[in-house]
J.: 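I have a structure here, written as structure tokens, and I will follow up with some questions on it.
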Amino acid sequence: MIEVAQLSKTYRLGNQEVYALREVSFNISKGELVSIMGPSGSGKSTLMNLLGCLDLPSGGSYHLANIDVQSLKANELAEVRNKQIGFVFQNFNLLPRATALENVELPLLYGRIPQSRIKALDSLDKVGLRDRAKHRPNELSGGERQRVAIARAIVNNPSIILADEPTGNLDSKTGVEILNSFKQLNAEGATIILVTHDPSVSDQCPRTLFMMDGCLSKDERKPVSEVHGC
Amino acid sequence: MLIFDLFKMALRSLWSNKLRSVLTALGIIIGVASVISMISIGEGARKQTLTTIAKFGTNIITVKPGEKKSRHVQSGKVDTLKLEDAYAIEKHISSITGAAAQVYKNAQLKFGNKNSNSLVRGTGEKYPQLSNFVLEEGRYFSREEVQTARRVCVLGATVVKNLFGDKNPIGEVLKVDGNNYTVIGRMVAKGALSWFDPDDQIMIPVTTAQKRLFGMDYVQAIDIQARNIDEMEKIKDDVKALVRRRHNIPEGKDNDFYVQNSSEWLNSWGDAAKTFTFLLGGIAAISLMVGGIGIMNIMLVSVTERTREIGIRKAIGAKKREILEQFLIESVVISFLGGAFGIGIGIGISQVVSKMGGWDTIVSFQTILLAFGFSVAIGVFFGFYPANKAANMNPIDALRYE
């Protein structure tokens, strides 16, 4: 599903080129649940932006569902984000003035997909929030907001779901619930990448990529038995 | 994203900032309302001017002293035209129905204890016919009374109203600058122009006015009535030749008078009124411009405030064009609604003006279309820069924006 080879990202800081990401290579197959760990500044956010097609790499290659992302123009990138990727953010990033249903519906509207209302309701149903469809984000709890965000991420049946610290703003009990939602989705076949610095989150993922100073320092796969230890 | 959804989003966003949207639209409302009302007032003034000028007759040729330099500007000597010129014109020029010399000046009128300062016009006996005045009662002075410079007068309707009230003025004696004049007739009201009331005047024989009242040996204008309009140009040429001969102007020298027909006068007045309309409309357009800058200002604030929203939309797949359209629609909706309200208010203002000021106003379909089109264009023009700014945001930075 994801093929990353010698992926690099550099920024210019004055005259100096700074590597945010240095020749990172890995593959992620369909149906995997992968966490990316690392201290702040290790390059995991940069990697996340590149995987999410929000940014283009400076070097190397990135193929998502057999699409060579590097060759795409801004509008094509937008389309890939719309069709192939579902984002879940730490701070939910819902539109405050829109209802839960409208938030979930939005990617379908941008994708010009018919019957958007019904599909959005189905998606809310999957995260157990059908009865909250008409509520605005400020009328929902943190966990509910994040589940709305998950519903929005999965509504387009994306190739991958990218979650950036999805439990970072939630209490531990709600965090566990959200994590269970991801595991549930994964069990149904979704490919999920979680960026986190919380070991208790990465512990529950069968595979963890460790980032350090812009490099991939460790690619750890756990035996299935250990994963369900929680 | 379908245009319908974009509209829905734009309306929601405007609705959630009601006060701000209304204030922003107010700039456009005021601009459009002033464009509509100013142009309607200007157009009304133009039409009124033209119709009232037409009332004086369109087959009139006027000879005036001096030389005509440009529109309305008269220069040179003012005493070159004599009464004898008028008589000569009447005698020698063919295909005219009459010529009337005129002198005019304001004078103090007094009857009993009532006063008025009105125009006193010294004319010949043919003046009523030439200027479309109709006698209501009594008679106009005769050729003989003109020749003998009698102290008689014919009153305009406003003068009758001001000095005599309901009393019948015929046969009464009126004091004009202290001298007694016998009232022999009164005129039917012609209706006032906005700057001049033709009924607030009295007519006396031109000779009386020259010799007894004003002490002048020249005339200020000679009105000539053509028998029919097709012959106006020929009459003008004949009059020019005749007066040149009488004034002994050698070949190659400029006239010391000029000849103008009423349609020329009509045109130049029409032009002047048009300029007036453009001027008013132009000033109003400036306020519309200011309204547009207001839209731009608010849209820039709005784009900055909603940076994160833009980031979210981009992350979930909004294309540049869709962001651009979203914000552009917002500014166009503001200016469109502002324009619609502005038209209503503008029509209201022009109606109030015509009621209160007794001044006709004309709200033409073209004016409405112009103001409306202009306001929507302003929405697009001033909304484009902020919308483009939003569309070109980098999604990563926009998402991180606090």
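Lettering follows sequence order; numbering is per chain, from 1.
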J.: For Tyr385(B), is the OH atom crowded, meaning more than 12 foreign heavy atoms sit under 6.0 Å from it?
T.: no
J.: Please report the interatomic distance CG(Asp5(B)) to CZ(Arg112(A)), rounded to the nearest 0.5 Å.
T.: 9.5 Å
J.: Within the supplied structure, the quantity of interest is the number of heavy atoms (other residues, nucleotides, ligands) at a distance under 6.0 Å from Glu188(A) CD; does it exceed 12?
T.: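 Check passes, neighbour count above 12.
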J.: Given Met9(B) and Leu109(A), is the side-chain contact (heavy atoms from CB on, under 4.5 Å) satisfied, shown in steps?
T.: CA-CA 12 Å; Met9(B) 281 176 353; Leu109(A) 295 179; 5.7 Å; no
J.: Is atom OH of Tyr19(A) surrounded by more than 12 heavy atoms (other residues, nucleotides or ligands) closer than 6.0 Å?
T.: no
J.: Hey, is NE2 on His197(A) packed in by over 12 heavy atoms from elsewhere, all under 6.0 Å?
T.: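 For His197(A), atom NE2 is not crowded (no more than 12 foreign heavy atoms under 6.0 Å).
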J.: Taking all non-hydrogen atoms of both residues, which atom of Ala315(B) and which atom of Phe89(A) are closest, and how far apart?
T.: CB-CZ, 4.1 Å
J.: As a test of understanding, state which of Lys319(B), Glu322(B), Arg313(B), Lys314(B) forms a side-chain hydrogen bond (donor to acceptor under 3.5 Å, both in side chains) with Tyr110(A).
T.: Arg313(B)
J.: Which atom pair, heavy atoms only, marks the closest approach of Asn82(A) to Gly317(B)?
T.: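 Between these two residues, the closest heavy atoms are CB-CA, 3.6 Å.
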J.: I would like to know whether Ile316(B) and Arg152(A) meet side-chain contact (heavy atoms from CB on, under 4.5 Å); could you show each step before the answer?
T.: CA-CA 9 Å; Ile316(B) 62 173; Arg152(A) 181 179 65 186; 4.1 Å; yes
J.: Taking atom CE of Met1(A) as the centre, does the number of heavy atoms from other residues, nucleotides or ligands within less than 6.0 Å exceed 12?
T.: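 Yes.
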J.: As a quick check of understanding, evaluate side-chain contact (heavy atoms from CB on, under 4.5 Å) for Ile312(B) and Leu106(A), giving each step before the final call.
T.: CA-CA 10 Å; Ile312(B) 296 168; Leu106(A) 206 53; 5.6 Å; no
J.: More than 12 foreign heavy atoms under 6.0 Å from NZ of Lys18(B): is that the case here?
T.: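 For Lys18(B), atom NZ is crowded (more than 12 foreign heavy atoms under 6.0 Å).
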J.: What part of Asn156(A) lies closer than 4.5 angstrom to a heavy atom of chain B: side chain, backbone, both or neither?
T.: neither
J.: With a 4.5 Å cut-off on heavy-atom pairs, point out which of Glu102(A), Lys83(A), Glu79(A) contacts chain B the most.
T.: Glu102(A)
J.: Using a cut-off of 6.0 Å, state whether more than 12 heavy atoms not belonging to Tyr11(A) lie near its atom OH.
T.: yes
J.: Against chain B, label Glu76(A) side chain, backbone, both or neither, depending on which of its atoms sit under 4.5 Å from a heavy atom there.
T.: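 For Glu76(A), no heavy atom lies under 4.5 Å from chain B.
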J.: A side-chain contact here means heavy atoms from C-beta on lying under 4.5 Å apart; do Arg12(B) and Leu95(A) qualify?
T.: no
J.: Name the region of Ala98(A), side chain, backbone, both or neither, that has any atom closer than 4.5 Å to a heavy atom of chain B.
T.: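 Ala98(A) touches chain B through backbone and side-chain heavy atoms alike.
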J.: Where on Ile113(A) is there a heavy atom nearer than 4.5 Å to chain B: the side chain, the backbone, both, or neither?
T.: neither
J.: What's the spacing between Asp55(A) CG and Asn394(B) CG if we round to 0.5 Å?
T.: 6.5 Å
J.: Would you indicate whether Asn66(A), at its atom CG, is surrounded by more than 12 heavy atoms from other residues, nucleotides or ligands within a distance under 6.0 Å?
T.: no
J.: So which heavy atom on Ala318(B) is nearest to which on Ala78(A), and how close?
T.: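 That would be O-CB, 3.7 Å.
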J.: Indicate the atoms forming the closest heavy-atom contact of Asn75(A) with Lys320(B), along with that distance.
T.: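 For Asn75(A) versus Lys320(B), the nearest heavy atoms are OD1-N, 3.5 Å.
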